[in-house]
**Q** 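What follows is a structure written as structure tokens; I'll ask about it next.
For ligands, and for the atoms within them, numbers begin at 1 and follow the listed sequence. We use all heavy atoms of the structure for the numbers below, so side chains are in, but hydrogens, waters and symmetry mates are not. Residue indices begin at 1 and follow the sequence shown.
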Amino acid sequence: MAQKEYDVIIVGGGPSGSSTAMFLKKNGIKNILLIDKAKFPRDKICGDAFSGKSVGIAKELGIIQDFEKVPHETVYGVLFSNPKGTQIEIPFPGADKKDNKAKPGFVVKRINGDNVIFQNAKKQVDTLEEFTVTDLITENNFVVGVKGKKMGSQEEVQLKAKVVVGADGTSSVVAQKLGIGTSPAEHQVIATRAYYQGVTGMTGNIELHFVDEIMPGYFWIFPLDNGMANVGLGLLTNEKQKRKIDLKKSQEEIITNNPLFKERFKNAKLDEQGIKIWTLPLGSYHRKNHGNGWILVGDAASLIDPFSGEGVGNAMTSGKFAGKHIAQAFKTNDFSEKMFDAYDKELWDTIGPELNTSYNLQKIGKIKWLLNLVIDKAATKKEVKEAISGMLANEKAKKDIISPLGLLKLILT
Ligand SMILES: Cc1cc2nc3c(=O)[nH]c(=O)nc-3n(C[C@H](O)[C@H](O)[C@H](O)COP(=O)(O)OP(=O)(O)OC[C@H]3O[C@@H](n4cnc5c(N)ncnc54)[C@H](O)[C@@H]3O)c2cc1C
């Protein structure tokens, strides 16, 4: 039985869906329904790092101050190590360990961070939690709503809207029902996540370690509040398949035997959730993200940075552009694929060059001797360290560094 009709239905209340809801509201759309199959607060397997880009969008939405109210740890830079074990500490540009308010970035458990974003959206739009979307309603080649079930009920409910936004993550039902397959294995990372209490030697940085055991992927340690750390590793799904790597075993081996970490984890305790595994759809693959009456955002649109694995910033950025272009469509009552071409264009004009550069960096990361050389150089040469610091913050510096000449300059400095 059909129920109330909405202007926009958003499937998924994670960072992409909740941001879409708030940006739609900012752009004047009133009749919005935000659906999630979970009840918030809910967990999401993640490294929990909230980068400068995410901080920027949270400021734009006026919700950054609410992160102060939940447990989190401010981070000031990145500690890298190469397969040889050389370590370098690269501060985020503008980071100042004495100024806690500057917040260049922070690590916040997603169960808390996503709840901040969702609860802010909930103040502004209608929400429906514990409702799983199972299918789409289509009429005359346009998506005009969703079908689904409330948790614990067998009754199918139909909800109609002029536009449906798929913000339902890696295994997006919206994308599946539209016939858009998942990203190919070479454009996906498979990764672990685990919480440990009592890892020693934390430095106020997020740590990315290119260790032999998991090359060409990396092992990370991100500091959390209260002596906790988010620990995981990830590598391209096709590499995992080729090398038949058991990710959980590799993580345990690194922690127990790698000389860089065994002392640091000697008394560390894994929490009751154990080691979890999930996939990351990468933005090295430009997935179809719009059509008649529908738009995809966040992981459903495959937007994760192929080098760093960060996806929250791009998820929120896509929510911003979806909000803008859907509101534009309401002005002319045109919800066609052609109308939403502008969403795809603005999104990819904005994040495409950066994703492309990161894809090239990912390829460099596969070459062990080059990684050893660059990180060794950065450990001894201020100029190389500064170039990498600029690269973390700035698209132009990133481009310079991965051009053949830029790379040569860096190595020969
Ligand atoms: C191991 C790992 C580590 C990562 N580390 C980082 C990191 O440190 N920093 C970073 O920025 N990014 C990281 N990422 C990427 C980041 O987690 C994602 O890019 C981000 O969560 C995308 O947000 P989203 O809103 O698109 O999707 P999600 O956060 O996945 O939200 C999707 C929502 O949709 C809901 N949903 C799904 N299906 C349905 C349905 N059928 N009906 C109704 N609701 C539905 C889900 O319950 C969920 O709430 C990591 C990812 C992984 C796997």
**Q** Do any N/O atoms on Asp299 end up under 3.5 angstrom from N/O atoms on ligand 1?
**A** yes

**Q** Answer yes when Asp43 and Arg193 have at least one side-chain N-carboxylate O distance shorter than 4.0 Å, and no when they do not.
**A**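 Yes, this pair counts.
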
**Q** Side chains of Met202 and Arg264, heavy atoms from C-beta outward: is any pair under 4.5 Å?
**A** yes

**Q** Could you tell me which atoms of ligand 1, counted from 1 in the order shown, lie closer than 4.0 angstrom to a heavy atom of Gly298?
**A**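 Answer for ligand 1: 26 (O).
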
**Q** Check each atom of ligand 1 against the heavy atoms of Trp278 and keep those under 4.0 Å away; list them by number with element.
**A** 53 (C)

**Q** Main chain of Asn238, side chain of Glu186: is a donor-acceptor contact present, judged purely on distance under 3.5 Å?
**A** no

**Q** Can you find a heavy atom in the side chain of Arg110 that is under 4.5 Å from one in the side chain of Val312?
**A**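 Sidechains of Val312 and Arg110: in contact.
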
**Q** Where does the angle between the aromatic ring planes of Trp294 and His290 fall among parallel (under 30°), tilted (30 to 60°) and perpendicular (over 60°)?
**A** tilted

**Q** Cation over ring, Lys122 on Phe118, under 6.0 Å and within 45°?
**A** no

**Q** Tell me, do Arg287 and Thr182 make a side-chain contact under 4.5 Å, heavy atoms counted?
**A** yes

**Q** Looking at ligand 1, does any of its N/O atoms fall within less than 3.5 Å of an N/O of Val312?
**A**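 Yes, at least one N or O pair falls under 3.5 Å.
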
**Q** Consider ligand 1: state whether an atom of it lies below 4.0 angstrom from any non-hydrogen atom of Gly232.
**A** no

**Q** Heavy atom of Arg110 under 4.0 Å from ligand 1?
**A** yes

**Q** Between Glu310 and ligand 1, which part of the residue brings a heavy atom under 4.0 Å of the ligand: side chain, backbone, both or neither?
**A**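 Within the 4.0 Å criterion, Glu310 contacts ligand 1 through backbone and side-chain atoms alike.
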
**Q** Please report which non-hydrogen protein atom sits nearest to atom 14 (N) of ligand 1, along with the residue it belongs to and the distance in Å to one decimal place.
**A** Gly309 O, 3.4 Å

**Q** Identify, by atom number and element, the atoms of ligand 1 in contact range of Phe131, meaning under 4.0 Å from any of its heavy atoms.
**A** 42 (N), 43 (C)

**Q** Which atoms of ligand 1 have any heavy atom of Arg42 under 4.0 Å away?
**A**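 Heavy-atom distances to Arg42 below 4.0 Å select 29 (O), 31 (O), 48 (C), 49 (O).
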
**Q** Number the atoms of ligand 1 from 1 as they appear, then name those within less than 4.0 Å of a heavy atom of Thr132, with their elements.
**A**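 Per the distance check, 41 (N), 42 (N).
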
**Q** Nearest protein heavy atom to atom 43 (C) of ligand 1, by residue and atom, and its distance?
**A**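 The answer is Lys37 N, 3.3 Å.
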
**Q** Tell me the protein heavy atom at minimum distance from atom 2 (C) of ligand 1, and give that distance in Å.
**A**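 In this structure, atom 2 (C) of ligand 1 has Cys46 CA, 3.6 Å as its nearest protein heavy atom.
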
**Q** Check ligand 1 against Ala191 and write out every atom of the ligand that is under 4.0 Å from a heavy-atom position of the residue.
**A** 1 (C)

**Q** Judging by distance only, is a nitrogen or oxygen of Leu280 under 3.5 angstrom from one on ligand 1?
**A** no

**Q** Taking 4.0 angstrom as the limit, do Asp66 and Lys69 come out as a salt bridge?
**A** yes

**Q** Which of the numbered atoms in ligand 1 are under 4.0 angstrom from any heavy atom belonging to Ala167?
**A**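 Contacts of ligand 1 toward Ala167, numbered from 1: 32 (C), 33 (C), 34 (O).
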
**Q** Just going by heavy-atom distances, which of Val189, Val133, Thr170, Thr192 is nearest to atom 40 (C) of ligand 1?
**A**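 Nearest heavy atom to atom 40 (C) of ligand 1 lies in Val133.
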
**Q** So, Asn230 side chain and Phe222 main chain: donor-acceptor pair closer than 3.5 Å or not?
**A**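 Pair absent, no side-chain N/O of Asn230 close to backbone of Phe222.
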
**Q** Name the closest protein heavy atom to atom 12 (N) of ligand 1, giving the residue it belongs to and the distance to 0.1 Å.
**A** Gly311 N, 2.9 Å

**Q** Give me the residue, atom name and distance of the protein heavy atom closest to atom 49 (O) of ligand 1.
**A**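 Atom 49 (O) of ligand 1 sits closest to the protein heavy atom Asp36 OD2, 2.6 Å.
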
**Q** For ligand 1, does Asp48 get within less than 4.0 Å through its side chain, its backbone, both, or neither, judged by non-hydrogen atoms?
**A** backbone

**Q** Any N or O of Thr279 that comes nearer than 3.5 Å to an N or O of ligand 1?
**A** no

**Q** Could you tell me whether ligand 1 has any atom less than 4.0 Å away from a heavy atom of Ala300?
**A**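 No, Ala300 has no heavy atoms under 4.0 Å from ligand 1.
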
**Q** Has ligand 1 got any nitrogen or oxygen that is less than 3.5 angstrom from a nitrogen or oxygen of Gly47?
**A** yes

**Q** Would you say the side-chain atoms of Lys248 pair up with the backbone N or O of Ile275, donor to acceptor, closer than 3.5 Å?
**A**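 Present.
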
**Q** Could you say whether the N/O atoms of Ser16 and ligand 1 ever approach to under 3.5 Å?
**A** yes

**Q** Considering only non-hydrogen protein atoms, determine which one is nearest to atom 9 (N) of ligand 1 and report residue, atom name and distance to 0.1 Å.
**A**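 Looking only at protein heavy atoms, the one closest to atom 9 (N) of ligand 1 is Ala49 O, 2.9 Å.
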
**Q** Would you say the rings of Phe261 and His209 are close, in the sense that their centroids are separated by under 6.0 Å?
**A**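 Between Phe261 and His209, which both carry aromatic rings, the centre distance is below 6.0 Å.
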
**Q** Tell me, please: is Phe222 in heavy-atom contact with ligand 1, that is, under 4.0 Å?
**A** yes

**Q** Among protein heavy atoms, which sits nearest to atom 36 (N) of ligand 1, and what does the distance come to when rounded to 0.1 Å?
**A**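 Protein heavy atom with the smallest distance to atom 36 (N) of ligand 1: Asp168 CB, 3.9 Å.
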
**Q** Parallel, tilted or perpendicular: which one describes the rings of Phe219 and Phe265, with boundaries at 30° and 60°?
**A** tilted

**Q** Check whether more than 12 heavy atoms from other residues, nucleotides or ligands sit under 6.0 Å from atom NZ of Lys266, and answer yes or no.
**A** no

**Q** Counting each atom of ligand 1 from 1 as listed, which ones have a heavy atom of Ile304 under 4.0 Å away?
**A**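 Here the atoms of ligand 1 in question are 15 (C), 19 (O).
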
**Q** How far is atom 34 (O) of ligand 1 from the closest protein heavy atom, and which atom is that?
**A**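 Going atom by atom, the protein heavy atom closest to atom 34 (O) of ligand 1 ends up being Gly12 CA, 3.3 Å.
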
**Q** Please tell me if the side chains of Phe340 and Asn289 come closer than 4.5 Å, counting only heavy atoms from C-beta onward.
**A**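 No, side chains not in contact.
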
**Q** Is it true that a side-chain atom of Asp299 and a backbone atom of Gly311 form a donor plus acceptor pair closer than 3.5 Å?
**A** no

**Q** What about Val297: any of its N or O atoms under 3.5 Å from an N or O on ligand 1?
**A**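 No: no nitrogen or oxygen of Val297 is under 3.5 Å from one in ligand 1.
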
**Q** Could you tell me whether a side-chain N or O of Asn226 sits under 3.5 Å from a main-chain N or O of Met228, the two making a donor and an acceptor?
**A**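 Between the backbone of Met228 and the side chain of Asn226 there is no qualifying donor-acceptor contact (under 3.5 Å).
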
**Q** Do the rings of Phe67 and Phe50 sit parallel, tilted or perpendicular, given the 30° and 60° boundaries?
**A**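 If you compare the ring of Phe67 with that of Phe50, the planes turn out tilted.
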
